[in-house]
Each structure stands twice: as C-alpha cells, then as structure tokens.
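The structure under discussion appears below in the form of structure tokens.
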Amino acid sequence: ALGPRATVIPVAPARPGRELAVFNDPATAIAVCRYDLADGPLRLSAQAPGDDFVSLSFRTRDNVVFYAMTDRAALRGAIDVVVSTQDQLDAAEAQDAEDSAPAETRLVSPTREGYVYMRSLAATPGQAEEAAARLRAVVCGVEAP
C-alpha cells in the first residue's frame with residue numbers, strides 16, 4: 001500500500017496513532033523498499049554517510065527481521081547488498097570467479113516477499129531534511145539475471 005516494489009519509498013513522519021512501526025523516533029527519517037524475489041534478486045546500494053547514522057533491517061512480509069546492519073558495515077565507503085532466494089544465490093555463486101570474494105553482502109531471504117526498513121538519524125531538528133535525503137539517495141532495484 002505504500003508504493004511499488006523495488007523502489008525507495010519515504011515514509012511520512014509519525015503522528016500519534018498513525019505510526020508505521022511502534023516506537024518510531026521522531027528524530028529519524030524512515031523509508032522502505034518492498035521486494036518480491038519472483039521478480040529477481042534485490043540490490044540495495046548506498047554511499048556510507050560518514051558520521052551520520054543509517055540503519056537497514058531486512059524483513060519478511062510478516063515483519064520478521066532476518067538481517068540488520070548499520071552504515072558501519074560499509075565496505076570502501078559504500079553499502080551494497082543483494083537479497084535473493086537460495087536458488088538465486090546458488091546461480092550467482094556459480095558465476096563467481098573462484099579466487100575472489102563477492103564485492104557485495106549477499107543475503108538469503110527466508111520468504112519470497114519482504115521489505116527493507118531504512119532509518120537515518122537527524123541529530124537536530126534542523127537536520128531532518130538531510131536525514132531524509134540520505135534515504136532518498138539509496139538505490140533499490142531488481143538485479144539483472
């Protein structure tokens with residue numbers, strides 16, 4: 001209901017009685033990216049924000065968290081994650097060169113459908129737009145086969 005799959009969808013700030021999730025912190029910007037792995041693996045990419053906090057939690061359609069990370073897990077200044085089924089992961093690994101590790105973090109989703117819940121902290125109320133912009137800069141799309 002929030003928007004199309006494989007697209008970063010900003011979530012409006014919480015209002016009393018209208019929270020997307022319980023315990024929403026009003027100092028955080030929130031966005032989501034829904035996926036259906038029948039469309040193909042999901043790739044999520046972002047530049048690490050430096051000193052600004054960003055967290056990502058990968059969830060099933062029923063809101064069960066199966067993986068979580070922060071910007072501190074970025075490699076070479078970037079966050080790059082591929083979410084797939086086990087069969088899609090096996091196919092990707094068959095294409096890998098034997099002597100090199102994958103450049104991205106690879107996750108197997110326990111369900112075909114799910115979403116990525118993204119949060120970015122605004123250290124002060126005046127930085128709320130910057131926090132929202134960090135999430136709008138995330139790229140979330142279906143990985144080419």
Side-chain angles (χ1 to χ4, degrees), residues 1-89 91-93 95-96 100-145:
L2 291 174
R5 293 190 303 252
T7 302
V8 174
I9 304 161
V11 175
R15 293 177 295 168
R18 303 277 311 203
E19 296 90 358
L20 178 67
V22 296
F23 307 119
N24 277 354
D25 184 338
T28 58
I30 298 172
V32 297
C33 177
R34 295 184 323 114
Y35 63 83
D36 184 339
L37 298 176
D39 300 335
L42 177 82
R43 181 176 289 271
L44 186 134
S45 302
Q47 292 301 308
D51 292 334
D52 300 309
F53 179 78
V54 171
S55 71
L56 308 170
S57 61
F58 298 81
R59 302 171 183 222
T60 67
R61 182 179 176 147
D62 297 324
N63 202 30
V64 175
V65 177
F66 64 91
Y67 191 80
M69 65 189 298
T70 70
D71 55 287
R72 301 295 181 224
L75 298 173
R76 295 177 293 283
I79 297 168
D80 193 14
V81 180
V82 175
V83 181
S84 64
T85 65
Q86 185 63 54
D87 289 343
Q88 291 165 339
L89 176 62
E93 287 177 342
Q95 302 286 329
D96 289 345
S100 64
E104 69 275 345
T105 300
R106 294 178 176 176
L107 306 176
V108 173
S109 176
T111 58
R112 192 189 84 210
E113 294 181 72
Y115 65 102
V116 183
Y117 185 81
M118 300 172 264
R119 296 181 306 150
S120 179
L121 180 65
T124 67
Q127 294 175 325
E129 177 51 35
E130 292 173 27
R134 281 191 289 277
L135 297 182
R136 287 193 303 270
V138 173
V139 177
C140 183
V142 176
E143 178 79 348

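Residues: numbered from 1 along the sequence shown.
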Sidechain-backbone polar pair: [X] side chain, [Y] backbone, donor-acceptor under 3.5 Å:
| X | Y | answer |
| --- | --- | --- |
| R34 | E113 | no |
| D36 | A38 | yes |
| Q88 | L37 | yes |

What's the shortest heavy-atom distance between [X] and [Y], and which atoms?
| X | Y | value |
| --- | --- | --- |
| V82 | P41 | CG1-CB, 3.9 Å |
| V108 | T85 | CG1-C, 4.1 Å |
| L42 | C33 | CD1-SG, 4.0 Å |
| S120 | V54 | OG-CG2, 3.9 Å |

Output all residues satisfying salt bridge (Lys or Arg N to Asp or Glu O under 4.0 Å) with E130, sequence neighbours left out; order by chain, then residue number.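 Partners of E130 by the salt bridge (Lys or Arg N to Asp or Glu O under 4.0 Å) criterion come out as none, since no residue qualifies.
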
Name all residues meeting the salt bridge (Lys or Arg N to Asp or Glu O under 4.0 Å) criterion together with D96; count only those two or more places apart in sequence or in a different chain, and write none if there are none.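 Residues passing salt bridge (Lys or Arg N to Asp or Glu O under 4.0 Å) with D96: R106.
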
Residues two or more places apart in sequence or in another chain: which of them pass side chain to side chain donor-acceptor pair (under 3.5 Å) with [X]?
| X | result |
| --- | --- |
| Q86 | D90 |
| N63 | R59, Y115 |
| T70 | none |

Mind checking side chain to side chain contact (heavy atoms under 4.5 Å, CB included) for [X] and listing every partner two or more places apart, or none if nothing turns up?
| X | answer |
| --- | --- |
| V142 | A6, D39 |
| V8 | A31, M118, V138, C140 |
| L107 | F58, F66, Y67, V81, V83, T105 |
| R136 | P10, E129, A132, A133 |

Would a 4.5 Å heavy-atom cut-off, applied to side chains only, mark T60 and P110 as touching?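 Yes, at least one pair of side-chain atoms sits under 4.5 Å.
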
Which distance, rounded to the nearest 0.5 Å, do you find between the CG of D71 and the CD1 of I79?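 The CG atom of D71 sits 6.0 Å away from the CD1 atom of I79.
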
